[in-house]
Amino acid sequence: MTLLPGFAKAPGAAPGADLSPEHATVAPPRHRLDGRLLAALARGGGGAATVRLLRESEYSRRLLLLRATLDRAGEHGGETARGVNRLFGVLTDAWRTAPDVTRRIVGHPSVGPRLVTTWRALDDSSPGAPGPLPLASVAAAAATATGLDVSIGLTAAPPGVVLPGLGAVRLPDTAPGSALLLRGDRTGGVLDTGTGLRVGLPHAAALGAERPGWWPLRGATPGPRTSFLLDDVDQIVVAAAERPYRLPEDELRLWRTTAAGAMRLLRARHADYAAELDAGLRTLTPVPLAGGSSAGHSGSAAEMFGGVTLSRPLHARDLAETLVHEMQHSKLAAVMHLVDLLAEPGAQEPGARYYAPWRDDPRPLYGLLHGTYAFMSVARFWSREAAFLSDPAERHRAHVRCARWREAASETKEAMLADRSALTGTGRRFVAAMGKALAELRTVPLPESAVREARSQAEDHRARWAERNRAGTTGN
C-alpha cells in the first residue's frame, strides 16, 4: 500500500510525536533516512536502532492518518464530523490518562488497516454519513485500557467485538453487523448487545486475564517477558473463510514452543536478525492451513508494521526463516512510506508484470521489489544456518535453499535494473546496493550438488510458470 493521497513525504525531523490535544492542529514529527541508513537497509540489514526508527515513523504515519480522518470528517460535516471528533476526543483523553498505553494501542499492527479503512470510508463523496467506522474499535480499546468513563457504539464482527491490541469479547449468538454499545469506567466495562445480553469486561489492570466471554491476547513465547504477542482473535487482513478462532491449549503450547525455539536459534546463530525482530515484531496471527494443505504460508501488510499472519510451521528453524522473511517486508514497506523507490509509487497494479521465481503469477514491480528484498535475506539465513547443521541431509537442504534464493534474487534484481523507467534515482541506488550484497553472497562456496539441485528447481518452476501464464503476460 503506497502513501495515501494528500500525505507528504517527510524530509526530516526527530521522532517522538504522540496523541495530544495539540495534535489536532500540529503535524507529527518528520523522519529522515540518510544515505548511510538507506544503504544499510538496501543490503538487507540496518540493525535494531534502524528498525526502531522505522517503527517510530510508522507510528507517526498513523497519527497522520488520524489527522487526515479528522479533516475528511470535517469536510462531511454534520453527524459524521461530530462522530469522528468524539472518537478522536476519546483517544486524546486516553493519551492524557496513560500515554504509553494509548501509544501501544495505536501502534498495534491491526490498527493500521482500521485507520486506512476509516479514512477511505470518509473519502466517499456521496452525501450522508458513512456506516460504522473501524476507528470506533480503536477508540474503544484505548478507553478500555485506560479506564475512561465513556460510551462508544460498536458493530459486531466475529468472534464478537475485537478491541485491537487487547483481545476480543466473544458473542457467538450475535449476528455480524449488529449494533453494540460499550460503556466503560475505571472499574471495567459492559458491552450491551441490545438484546438483553450484557457482557462485562475486566478493569484495565486485569485485561490480560481470561474470563468468560473475554479472550485476551497472549504471549507468543512462554513467560511474562515475551517480546511479541499471539493475536488469534483479530485477523483483520485474513480471508473470511479463515476468520478468527481461539487456539486451544494444546495448539497454543505448540505455537509457543515453536516460537521460543525459533527465537533461541536466531539469537544464537543470527544475532542481527534476532535484534531486528526484538525491535520490530509485535504480533503473530495464526491461520489454518488452506484446504488441509501441509504447505505453510505467511504474509504481512504494508500498514501492519510488525505483524505477521502465518500458519504454524512444523519446525522452529522454518519459523525462524519465516520471521526473517516477513520482517524484511515490514522494513521495506516502512522505507517506501518515507522514500519513493518506484517511479510511480501509487501504481502497484498497472504496468508491466515480471517473472518472480517464488510466485506462480506475474508480479508488478512493487511485488517484485518486495520479494527480491525478502529472499535476499532468506538466502543469507540459509547460508549461515548450514554451518551449524551436522546432519548431512539437513545441511544439503540448507545449501540448496541458499543457492535457490540467492540466484532467484539476483535474477529479479537484474530485471528491475533493466527497466530504466520503473525506478527513481534513489530506487536504482537502492536496488544496486541490493545487487552488491547479493554478489557478496554469491561468492560463498556451495557444494556443486546443491547448486545443481537448486538450478533444477528453478528451471522446473519457470517451465510451470510459463505454461500457466502463456497468454496475456507482459514484462519479464
Task: Backbone N/O of Asp361 and side chain of Arg468: donor-acceptor pair under 3.5 Å - done: no
Task: Check ion pair Arg384-Glu321 (N to O, under 4.0 angstrom) - done: no
Open item on the list: With a 3.5 Å distance limit and no angle check, can you tell me whether Arg395 reaches the backbone of Ser390 through a side-chain donor-acceptor pair?
Closed with: yes
Task: Closest heavy-atom pair and its distance - Ala141, Pro164 - done: CB-O, 3.5 Å
Task: Validation row: Asp234, Leu217 side chains within 4.5 angstrom (heavy atoms) - done: no
Open item on the list: Closer than 3.5 angstrom, by distance alone: can the side chain of Arg406 be matched with the main-chain N or O of Val444 as a donor-acceptor pair?
Closed with: yes
Open item on the list: Run the side-chain contact (heavy atoms from CB on, under 4.5 Å) test on Arg363 and Thr412 for me, step by step, so that the C-alpha distance in whole Å, both residues' side-chain angles and the decisive distance to 0.1 Å come before the verdict.
Closed with: CA-CA 11 Å; Arg363 301 296 290 155; Thr412 52; over 6 Å; no
Open item on the list: So, taking the atom named CG in Leu281 and the one named CZ in Arg55, what distance separates them when rounded to the nearest 0.5 Å?
Closed with: 11.5 Å
Open item on the list: How long is the straight-line distance from CG of Leu230 back to OG1 of Thr285, given to the nearest 0.5 Å?
Closed with: 8.0 Å
Open item on the list: Ring-plane angle category for Tyr273 and His270, please: parallel below 30°, perpendicular beyond 60°, tilted otherwise.
Closed with: parallel
Open item on the list: Does any part of the side chain of Phe305, heavy atoms only, come nearer than 4.5 Å to the side chain of Val51, both counted from C-beta?
Closed with: yes
Open item on the list: Donor-acceptor pair, distance only, cut-off 3.5 Å: does the side chain of Ser311 make one with the backbone of His297?
Closed with: yes
Task: Residue pair Trp214, Arg170: steps toward the side-chain contact (heavy atoms from CB on, under 4.5 Å) verdict - done: CA-CA 6 Å; Trp214 171 245; Arg170 185 170 180 266; over 6 Å; no
Task: Interatomic distance, Glu210 atom CD to Leu207 atom CG [nearest 0.5 angstrom] - done: 13.0 Å
TODO: For residues Pro134 and Thr118, determine if any side-chain heavy atom of one lies less than 4.5 Å from a side-chain heavy atom of the other.
DONE: yes
Open item on the list: For the aromatic rings, using the six-membered ring if either is Trp, is the centroid distance between Tyr59 and His31 under 6.0 Å?
Closed with: no
Open item on the list: I want to check something: taking the side chain as every heavy atom from C-beta on, are His325 and Leu310 in contact at a cut-off of under 4.5 Å?
Closed with: no
- [ ] Answer yes when Glu394 and Arg317 have at least one side-chain N-carboxylate O distance shorter than 4.0 Å, and no when they do not.
- [x] yes
Task: salt bridge (Lys or Arg N to Asp or Glu O under 4.0 Å) contacts in which one or both residues fall within residues 449-458, not counting sequence neighbours - done: none
- [ ] Locate the shortest heavy-atom distance separating Val111 from Arg62; write the atom from each residue and the value.
- [x] CB-NH1, 3.7 Å
Open item on the list: Is a donor from one side chain sitting under 3.5 angstrom from an acceptor on the other, for Asp340 and Thr424?
Closed with: no
TODO: Flag the pair Glu385 and Arg401 as a salt bridge only when some basic side-chain nitrogen lies within less than 4.0 angstrom of an acidic carboxylate oxygen.
DONE: no
TODO: Of all the heavy-atom pairs spanning Leu423 and Arg428, show the shortest one and how long it is.
DONE: CB-CG, 3.7 Å
Open item on the list: Rounded at 0.5 Å granularity, tell me how far CH2 in Trp95 sits from OG1 in Thr97.
Closed with: 10.5 Å
Open item on the list: Could you check whether Arg312 pairs with Asp232 (Lys NZ or Arg NE/NH1/NH2 to Asp/Glu carboxylate O, under 4.0 Å)?
Closed with: no
Open item on the list: Return the OG to CD distance between Ser300 and Gln328, rounded to the nearest 0.5 Å.
Closed with: 10.5 Å
- [ ] Decide yes or no for Pro159 and Arg246: does some side-chain heavy atom of the first lie under 4.5 Å from some side-chain heavy atom of the second?
- [x] no
Task: Derivation of the side-chain contact (heavy atoms from CB on, under 4.5 Å) call for Lys331 and Thr50 - done: CA-CA 9 Å; Lys331 287 163 58 181; Thr50 301; over 6 Å; no
TODO: Flag the pair Met416 / Leu365 as yes when at least one side-chain heavy-atom distance between them is below 4.5 Å, and no otherwise.
DONE: yes
TODO: Under the side-chain contact (heavy atoms from CB on, under 4.5 Å) rule, what do Leu254 and Leu247 come out as? Steps first, then yes or no, please.
DONE: CA-CA 10 Å; Leu254 286 172; Leu247 292 176; over 6 Å; no
- [ ] Quick one: pull up CH2 in Trp358 and CG in Leu368 and give me the separation to the nearest 0.5 Å.
- [x] 5.5 Å
Open item on the list: Under 4.0 Å between a side-chain nitrogen and a carboxylate oxygen: does that hold for Arg218 and Glu251?
Closed with: no
Open item on the list: Show the nearest heavy-atom pair for residues Ala139 and Leu91, with the distance to one decimal.
Closed with: CA-CD2, 4.0 Å
Task: Closest heavy-atom pair and its distance - Thr283, Phe228 - done: N-CB, 4.3 Å
TODO: Return the orientation label for the Tyr355 and His461 ring planes: parallel under 30°, perpendicular over 60°, tilted otherwise.
DONE: tilted
Task: salt_bridge(Arg267, Asp278) N-O dist < 4.0 Å - done: yes
Task: Donor + acceptor pair across side chains of His108, Asp231 (<3.5 Å) - done: yes
Open item on the list: Can you tell whether the side chains of Asp272 and Arg380 come within less than 4.0 Å, N to carboxylate O?
Closed with: no
TODO: Please determine, by modelled atom types, if Thr426 and Arg429 share a side-chain donor-acceptor pair under 3.5 angstrom.
DONE: yes
Task: Criterion salt bridge (Lys or Arg N to Asp or Glu O under 4.0 Å) against Glu56, the qualifying member of Arg32, Arg103, Arg61 - done: Arg103
Open item on the list: Any non-hydrogen side-chain atom of Leu201 less than 4.5 Å from a side-chain atom of Leu163?
Closed with: yes
- [ ] Answer yes or no: is there a side-chain heavy-atom contact under 4.5 Å between Ile105 and Thr146?
- [x] no
- [ ] Return yes if some donor-acceptor pair links the side-chain N/O of Ser330 with the main-chain N/O of Gly306 below 3.5 Å, else return no.
- [x] yes
Open item on the list: If I compare all heavy atoms of Ser383 with all of Cys402, which pair ends up nearest, and what's the gap?
Closed with: CB-SG, 3.6 Å
